[in-house]
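Notes for the one structure printed next.
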Amino acid sequence: MERSFAIKAYFLFLFLLALAALSFFKLYTVQAANDKDHPSKYQKMWSRSTPLQARHGCILARDGKTILATDIKLARIVIERRMVKDAKGTGEKLAAYAGLSPETIAARINDPTEAASIEVAHDVSIADAETISSLKLPGVFTRYYYQRKYPYGAKFAPHTIGYTCQKTELSIGLESKFQKTLTGVDSKANYDTDGLGRIIPQTYKGGKPVDGKDVITTLDPAIQQICETVLHDRIGKTNAKWGLIAVMDPNTGEILASAAQPSFDPNEYARKGSKGNEANPLVHFAYEPGSVMKPLIATAALDRGWINTEQRFSCYPTLKIGKYTIYEAEHDKNPAGYGEIPIENVIIHSSNVGMAQVGKKLGQHKLADIFSTYGLYERTGVELPSEAKGIRPCAYDDLGPNGKWPEIVTACAAFGQGIAVTPLQLMRAYCAIANGGWLIQPKLVKNAQADKKEAKVGGDAIPLDDGETLVGENEAAASHKVISGAVRILSEDETARMRGILQKVVSGGTGKLAALDNYIAAGKTGTAQVPGRGGYAKGKYNSTFIGFFPANEPRYVIIVVFAEPKGSYYASAVSAPAFHDVAERIAVAKEVPPEKKDEIS
């Protein structure tokens with residue numbers, strides 16, 4: 001009997017021992033073995049992984065101090081539903097910070113269809129986040145993140161600075177072009193929490209995010225604000241479709257300002273996504289510029305010896321070319337025309353008829369060479385995405401870039417109709433006149449390299465035929481000034497001549513309203529018809545003034561464009577006054593030494 005009991009007890013002991021071993025083995029496989037197919041309940045309940053977001057670099061003005069784009073630290077409120085002990089009380093304490101009613105928060109906590117982790121608020125200030133953390137509510141956590149902030153909003157070059165929207169993953173402007181430079185490297189932290197949701201320090205394992213690098217632009221805060229103010233005032237008076245005022249240093253290519261209207265607030269776009277108006281007129285809009293092309297063509301033609309200063313052009317009110325008629329601006333007010341005048345007066349009076357004759361004399365290939373020399377067919381290579389190219393003159397029968405231009409196309413191209421360029425291409429070309437003949441590389445950034453490189457950028461030395469030389473070039477002039485990284489496309493003598501002509505445009509020609517009080521300004525007006533279906537749109541014009549000052553030692557090239565202004569549309573009345581306003585204020589802000597009026601050459 002006793003032996004039988006001992007045997008039974010022995011087998012029971014073995015059974016219990018085996019059962020215990022099996023239980024310990026199962027416990028090990030579930031909780032300690034970290035089997036990928038069987039994550040432990042412990043890990044599900046207490047293990048956490050939190051992303052550690054890198055801070056984006058700042059976009060700064062040229063002074064390296066004025067912040068144009070930066071990251072601000074915000075927080076979101078997250079609730080782990082299973083850890084909440086009092087849903088009603090939690091709702092009452094969070095309602096003021098979440099912008100929700102206590103009942104709504106409590107209902108979400110108790111809703112079995114909700115995710116285990118729910119977000120009840122975002123864009124919470126750091127101060128409020130710290131207050132919430134101090135409440136030590138079970139299951140309530142604050143998660144910090146960075147959001148892009150543009151301190152000046154719509155009032156400082158938003159089309160150029162751009163924005164980044166995390167919601168839509170869209171970025172434009174410098175934000176897009178330098179995305180890799182600005183964006184850092186994120187990391188994450190892994191840790192366990194206790195029953196109250198507190199981090200257990202011994203379990204914390206986290207890398208350190210690498211912040212992005214800053215980008216310093218060439219934009220001058222004082223000049224940018226001047227342009228923004230003048231443009232805002234003038235766009236309201238002209239009711240133009242869009243407007244642009246930009247400023248460039250002709251000796252370095254640095255873009256000092258670029259203001260465009262209509263504008264937009266990049267802060268709102270960064271949070272909610274695009275609502276339109278982001279296109280940057282400086283580089284995205286190729287338009288027919290009109291008479292501002294005349295000095296460019298005349299300078300190159302004089303430099304090549306294709307025309308000379310003694311030639312006379314018959315500038316009467318109209319010129320018939322085939323079935324087309326070219327008119328002088330306001331020809332009805334000057335029925336006698338200008339008569340037989342030299343190229344200087346063609347520019348000063350902005351004669352369409354005179355420049356049409358220049359175009360006919362040069363012909364298609366020489367005009368095309370000139371346009372190519374100024375880089376008008378290619379992107380400038382400035383550090384902005386999606387830059388437009390210029391549009392070549394083409395036949396009305398759409399013969400393409402290699403086809404023969406009809407005579408009317410050649411004639412019109414000489415006064416800036418039938419060819420389209422961006423405002424930046426125009427500025428770059430005028431910089432060559434202002435700086436003595438050098439085609440420079442436009443720049444928006446001082447300290448960083450763009451993430452993507454454009455292919456070819458335009459601008460080549462003027463192609464000379466065998467035996468030809470630049471008429472205005474001589475060894476002394478050629479060696480007088482050298483701009484590093486630029487291409488000489490015009491002689492110093494001929495550009496000096498054109499600077500003198502453009503001074504007379506302002507002092508006594510179509511640009512009188514651009515004249516400055518204590519400085520000599522040089523520039524040109526351009527009023528161009530706007531293309532429409534089957535020809536030019538009736539009653540629609542683009543008005544441009546581009547010029548520079550001080551005229552004898554130019555420091556600032558300024559372009560003003562108003563697209564389709566209502567009422568008065570001539571550039572002499574619409575754009576030239578805006579140039580005056582901008583230049584006068586820049587002179588004061590930058591303490592430019594006054595010039596003597598008798599210095600006009």
Side-chain angles (χ1 to χ4, degrees), residues 44-56 58 67 69-155 163-169 186-201 204 206 209 264-275:
K44 285 185 177 180
M45 293 180 64
W46 312 116
S47 291
R48 299 285 181 268
S49 179
T50 300
L52 300 176
Q53 187 180 5
R55 188 187 186 105
H56 279 60
C58 294
I67 297 175
T70 187
D71 275 4
I72 58 172
K73 195 172 185 180
L74 296 172
R76 56 175 61 91
I77 304 173
V78 177
I79 298 176
E80 297 289 343
R81 294 191 309 107
R82 289 177 294 186
M83 297 173 64
V84 175
K85 296 181 179 179
D86 179 5
K88 180 181 178 182
T90 299
E92 290 174 348
K93 292 180 179 179
L94 293 180
Y97 304 101
L100 300 171
S101 68
E103 293 77 15
T104 299
I105 296 176
R108 291 194 63 188
I109 293 173
N110 293 325
D111 187 350
T113 64
E114 286 274 9
S117 178
I118 59 173
E119 181 181 309
V120 295
H122 61 278
D123 292 355
V124 178
S125 70
I126 298 302
D128 285 348
E130 290 175 350
T131 300
I132 293 168
S133 296
S134 69
L135 297 176
K136 297 183 179 180
L137 299 173
V140 177
F141 301 91
T142 52
R143 297 286 182 259
Y144 296 98
Y145 62 96
Y146 290 112
Q147 181 169 289
R148 212 63 172 146
K149 174 71 175 178
Y150 305 91
Y152 292 90
K155 297 180 179 180
Y163 68 88
T164 295
C165 179
Q166 293 182 350
K167 181 179 180 181
T168 62
E169 297 184 352
D186 293 341
S187 185
K188 68 177 181 178
N190 299 311
Y191 55 88
D192 294 341
T193 59
D194 62 16
L196 295 178
R198 297 172 300 191
I199 296 175
I200 301 174
Y204 187 91
F264 66 94
D265 185 353
N267 292 298
E268 185 174 353
Y269 283 37
R271 290 193 301 268
K272 301 178 181 179
S274 171
K275 292 185 178 180

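We number each residue from 1, following the sequence as shown.
Between Tyr144 and Ile126 there is a side-chain heavy-atom pair separated by less than 4.5 Å. Counting heavy atoms from C-beta on, the side chains of Ile79 and Leu94 come closer than 4.5 Å. Within the 4.5 Å cutoff, the side chain of Tyr145 has heavy atoms near those of the Asp123 side chain. Put simply, the side chain of Thr70 reaches to within 4.5 Å of the side chain of Arg55, judged on heavy atoms. Using a 4.5 Å cut-off on side-chain heavy atoms (C-beta onward), Glu119 and Arg143 make no contact.
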message = What verdict does the side chain to side chain contact (heavy atoms under 4.5 Å, CB included) test give for Val124 and Thr142, after you've listed the backbone C-alpha separation in whole Å, the side-chain angles of each residue and the deciding distance to 0.1 Å?
response = CA-CA 9 Å; Val124 178; Thr142 52; over 6 Å; no
task = Apply side chain to side chain contact (heavy atoms under 4.5 Å, CB included) to Glu80 and Phe141, showing your working.
result = CA-CA 8 Å; Glu80 297 289 343; Phe141 301 91; 3.4 Å; yes
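Considering CG of Leu135 and OH of Tyr97, their distance stands at 6.0 Å, rounded to 0.5 Å. The line from SG of Cys58 to NZ of Lys149 is 13.5 Å long, rounded to the nearest 0.5 Å. Atom CD1 of Ile118 sits about 8.5 Å away from atom CD1 of Ile105, to the nearest 0.5 Å. The CG atom of Asp71 sits 11.5 Å away from atom NZ of Lys73, with the distance rounded to the nearest 0.5 Å. In this structure, Glu92 CD and Glu103 CD are separated by 8.0 Å, a value rounded to the nearest 0.5 Å.
The nearest pair of heavy atoms linking Asp265 to Gly153 is OD1-CA, 3.6 Å. When all heavy atoms of Arg148 and Tyr150 are compared, the closest pair comes out as CG-OH, 3.1 Å. Scanning all heavy atoms of the two residues, the minimum distance from Ala98 to Ala121 falls at CA-CB, 3.6 Å. The two residues Arg81 and Ala115 come nearest to each other via the heavy atoms NE-O, 2.8 Å. Of all heavy-atom pairs spanning Ala87 and Ile109, the tightest one is CB-CG2, 3.9 Å. The shortest heavy-atom contact between Ser101 and Ala95 is C-CB, 4.2 Å.
No side-chain donor from either of Asn267 and Tyr152 sits under 3.5 Å from a side-chain acceptor of the other.
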